[in-house]
Number of protein chains: 2
Amino acid sequence: MDTTQRTDQQRSADRRRRELLEAADRVVLRDGPGASMNAIAAEAGITKPILYRHFGDKGGLYAALAKRHTDALLEALRAALDAPAERRERVEATLDTYLAAIEARPQVYRFLMHPAEGGQPGDAGFDVGKASAPVLRRMGEELAEVIEERVDLGPGSQQLARVWGHGIVGMMHAAGDWWLGERPCTRAELVRSLADLLWGRLAAAGDRVGGPGF
Amino acid sequence: MDTTQRTDQQRSADRRRRELLEAADRVVLRDGPGASMNAIAAEAGITKPILYRHFGDKGGLYAALAKRHTDALLEALRAALDAPAERRERVEATLDTYLAAIEARPQVYRFLMHPAEGGQPGDAGFDVGKASAPVLRRMGEELAEVIEERVDLGPGSQQLARVWGHGIVGMMHAAGDWWLGERPCTRAELVRSLADLLWGRLAAAGDRVGGPGF
DNA sequence: GACTCCAGTTACCGCAAGTAACAGTTTAGT
DNA sequence: ACTAAACTGTTACTTGCGGTAACTGGAGTC
């Protein structure tokens, strides 16, 4: 029962866990977010209880799965966010990176954003936002950090940055979701339109004929 | 089987339907989005099959329920959007109306935004966005209409307005969701911060010390 | 060789969606 | 008045999923 022994076991368990996650990934990508534990186990060549031993419950498995993809996505976003360029270019690069990601793998995106809850009704009260897609939260928080650290916002900058972080992420997400469903324009056009919005073009635009505009 | 007769029946059915929806409303508000059909039927003083006769399946019931609340919310938003004031004031009024609504009835909000899917795995392919919360889509579309109709955006205005409609709604939604969970500031502060964001303050702000800002 | 772990299995429980088949009651037709 | 439809409601069932208990076989350890 010395250290190497234990490390071996742990390594084996970790490898197994990765294999299971990869199998789960395949199934979720094939069957959608409603994929059953049985299906995942079958894909991995084993049976349900093993999944439960590794991940506790379905939420655990999905959380682990989501973490993988979220980490990957955040990595890509960070790169775009930290690129050496001026602000507008960075914003556009970040938007484009996100949109390219959801465009390339819509199933992954769908899984991350609409995890299909499934919470038993016997659960506790309404912890609003707790069951919501945590991906957006993480993205919002990270963006807030970058903003607060890079942009000079005067007093109350931290709160402002957080609001903006979550707001911008939400804008990106909603616009991306809609765009992915309808494909009304190219990705570049979408990026440009959103950046224009953030650059205050709504405030700068004139009214249309007939009274005060929106 | 003349017309009046049939109308009577239809009226009765409609009344029943409303009663059922109100019962469902109570249960969903009490038990959360995972409320079971049995529970709803019990609250209405009847049993499951009747619910199924009226609404087809759980999705139908939830859709009907969501439509009610969505209509009410959109009504309120339209009022704020059409108020006689200048643009910035309207934007703030609209944001505040939305936030006040979700603040007043977080359970309703939660139900509308996170309907807990539940789609059987045997379903068709990934119609991304189809199962997504339709509330946001409707809000986005309506806002787009208002923008396109009131603001002079030059060529390509329709597409731009739609992108902005969905983007702004998403911003409002995400920021509201986060705010409702953490309550980091007052509603008025949040409204102001978001309006500032839309008014291009991010673009106008200076860089912080040490290199180009975000 | 007996002992202990561990991966893995089968077989089950509870619960919720959805359905089939049956029963009471009002309404229409003759 | 008597039957037939149509509507409302019920009980009792099937199916399928999440989750668990209890057993089984094989690896290493004393």
Side-chain angles (χ1 to χ4, degrees), chain A residues 1-21 23-24 27-28 31-65 115-123 131, chain B residues 1-20 23-24 27-28 30-65 115-123 131:
Chain A
M1 215 206 252
D2 66 332
T3 344
T4 44
Q5 203 80 345
R6 242 184 115 191
T7 315
D8 273 10
Q9 280 176 194
Q10 204 148 320
R11 267 192 194 166
S12 163
D14 280 11
R15 249 192 49 208
R16 202 79 183 97
R17 187 187 165 92
R18 260 199 303 277
E19 289 173 18
L20 297 186
L21 275 177
V27 176
V28 166
D31 296 352
S36 82
M37 294 296 268
N38 256 328
I40 294 172
E43 170 73 27
I46 49 147
T47 50
K48 265 197 303 180
I50 303 183
L51 282 182
Y52 284 95
R53 279 224 256 275
H54 273 269
F55 300 102
D57 63 351
K58 192 174 188 174
L61 204 180
Y62 274 41
L65 209 51
E117 305 211 359
Q120 286 286 87
D123 270 354
Chain B
M1 214 209 256
D2 67 329
T3 343
T4 45
Q5 205 79 349
R6 238 184 119 192
T7 315
D8 271 11
Q9 281 175 190
Q10 205 149 319
R11 268 192 195 169
S12 163
D14 279 11
R15 249 191 49 207
R16 202 82 183 95
R17 187 187 165 93
R18 260 199 302 278
E19 288 172 18
L20 296 185
V27 175
V28 166
R30 169 163 34 85
D31 295 354
S36 82
M37 293 298 267
N38 255 327
I40 294 173
E43 171 72 27
I46 50 151
T47 49
K48 263 195 303 178
I50 304 185
L51 281 182
Y52 283 96
R53 281 226 258 273
H54 273 269
F55 301 103
D57 63 351
K58 191 172 189 175
L61 204 182
Y62 275 41
L65 208 52
E117 302 211 0
Q120 284 288 85
D123 270 354

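Quick note on labels: first sequence line is chain A, next is B, and so on, each numbered from 1. Values below: all heavy atoms of this structure, side chains included; hydrogens, waters and symmetry mates excluded. Just so it is clear, the structure is predicted and the values come from calculations on it, not from any experiment.
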Atom-pair distance (CG on B:Asp57; P on D:dG16), nearest Å: 17 Å

Rounding to an integer number of Å, can you tell me how far A:Tyr52 OH sits from C:dT10 C1'? 16 Å

All salt bridge (Lys or Arg N to Asp or Glu O under 4.0 Å) counterparts of B:Arg16, not counting sequence neighbours: B:Glu19

Atom NE2 of B:His54 and atom C1' of C:dG18: how far apart are they, to the nearest Å? 16 Å

Starting from P on D:dC17, measure out to CG on A:Leu51 and report it in whole angstrom. 14 Å

Measure the distance from OH on A:Tyr62 to P on D:dC17 and round it to the nearest whole Å. 11 Å

Here the salt bridge (charged side-chain N to carboxylate O under 4.0 Å, His left out) pairs for residues 41-55 of chain B, sequence neighbours left out, are B:Arg26-B:Glu43, B:Arg30-B:Glu43

Below 4.0 Å: OP1/OP2 of D:dG9 and any side-chain N or O of B:Arg16: yes

Per the under-4.0 Å heavy-atom filter, residues of residues 40-49 of chain B near DNA chain C come out as B:Lys48, B:Pro49

Rounded to the nearest 0.5 angstrom, the CG-CG distance for A:Asp14 and A:Leu21 is 10.5 Å

Please work out if A:Arg53 contacts a base, only the sugar-phosphate, or nothing of the nucleic acid, heavy-atom cut-off 4.0 Å. base

Can you name the closest pair of heavy atoms from B:Leu51 and B:Ala41 and give their distance? CD1-N, 3.7 Å

Between atom NZ of B:Lys58 and atom CG of B:Leu65, what is the distance when rounded to the nearest 0.5 Å? 11.5 Å

CG of B:Asn38 versus P of C:dC15: gap in Å, rounded? 11 Å

Please step through side-chain contact (heavy atoms from CB on, under 4.5 Å) for the pair B:Leu61 and B:Leu20, ending with a clear verdict. CA-CA 9 Å; B:Leu61 204 182; B:Leu20 296 185; over 6 Å; no

Which nucleotide sits closest to the side chain of B:Ile50: C:dG18, C:dT9, D:dT10? D:dT10

Between C:dG18, C:dA16, D:dC17, spot the one nearest the side chain of A:Ser36, thanks. D:dC17

Of all residues at least two apart in sequence or in a different chain, which pass the side chain to side chain contact (heavy atoms under 4.5 Å, CB included) check with B:Arg17? B:His54, B:Phe55, B:Ala64

Interatomic distance, B:Lys58 NZ vs C:dG18 P [rounded to whole Å]: 8 Å

